[in-house]
Amino acid sequence: MLKLIEVYERLLAHFGPQGWWPVATPFEVLVGAILTQRTTWGNAARAIENLKQAGLLEPAALASASAEEVAALIRVAGFFRQKAERLVTIARTLVDQYNGSMERMFGKTDTGELRRELLSSRGVGPETADAVLLYAASRLVFPIDLYTIRLAERLGLGTGGYSELQRLFTSQLPADLELYKEFHALIDELGKNFCRATPRCGRCPLREVCRYASST
Ligand code: SF4
């Protein structure tokens, strides 16, 4: 039975270290996780840069902005009105409850409690919450995105739902924060370059261990 650590080692050998997340502060991670929903990271990064140039990439400033102002700046990320409302709402909650400090919010030691709090924000689903927990709060939580679901299914590792796949990763991987971050980034790299909706198995670094590839 193929083990996830072997998948990780093969991907790392092929792509090299990814060094995610390509933004600086925990608040930027949160903003980025919302902006990258249903678009590419490149578009999200351009929207982040626009917010930064406008001086809105910190909680108090974003909380004071209007959703219309924010929407105009993040247009490039798509679904911009919806995302703008979510960003402003989250920033206002952060300011009201934690004096604008994500570090204070992350002071909660119980990861489950923190996750429930993130999930209670409109527009924050399990994948977004878990990306924030991993990359901004340094919690051992593996985000399960569409690339991960597709890969697990094609490798023959599982076809379960979000929680089931997350348990699989948690049970098989060593408790290593940097490995979690790298592996998540490597899976996305594989998903963009090889394991797409129509897979490019010919030169994929997982071809030798992939059930889908051996059956086609
Ligand atoms: S061999 Fe094909 S199906 Fe398997 S992981 Fe690679 S691209 Fe995806």
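First listed ligand is number 1; within each ligand, the first listed atom is number 1. If you read the sequence from its start, that first residue is 1, and numbering goes on from there. Here the structure is a predicted model, which means the values were calculated and not measured.
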Problem set entry | E85/R81 ion pair, N-O < 4.0 Å | no

For this session: Taking only heavy atoms of L151 into account, list the atoms of ligand 1 that are under 4.0 Å away from them.
Result: 5 (S)

Problem set entry | Location of contacts on C201 toward ligand 1, heavy atoms closer than 4.0 Å | both

Exercise. Can you list the atoms of ligand 1 that are under 4.0 Å from a heavy atom of A213?
Worked result: 1 (S)

Exercise. Below 6.0 angstrom between ring centroids: does that apply to F194 and H14?
Worked result: yes

Exercise. Ligand 1 versus C195, non-hydrogen atoms closer than 4.0 Å: side chain, backbone, both, neither?
Worked result: both

For this session: Output yes when a side-chain donor or acceptor of Q97 lies under 3.5 Å from a complementary backbone atom of V95, and no otherwise.
Result: no

For this session: Specify whether an N/O/S atom of C204 falls short of 2.8 Å from atom 2 (Fe) of ligand 1.
Result: no

Exercise. If you count the atoms of ligand 1 from 1 in the order shown, which ones are under 4.0 Å from a heavy atom of R207?
Worked result: 1 (S)

For this session: Using a strict 4.0 Å cut-off to heavy atoms of Y212, name the atoms of ligand 1 that fall inside it.
Result: 3 (S)

Problem set entry | Heavy-atom pair of closest approach, residues A47 and L35 | CB-CD1, 3.9 Å

Problem set entry | Electrostatic pair E6:K3 at N-O distance under 4.0 angstrom | no

Exercise. Please state which protein non-hydrogen atom is closest to atom 4 (Fe) of ligand 1 and give its distance, to 0.1 Å?
Worked result: C210 SG, 2.3 Å

For this session: Step through it carefully: locate the ring centre of F169, locate the ring centre of F183, and say whether they are under 6.0 Å apart.
Result: yes

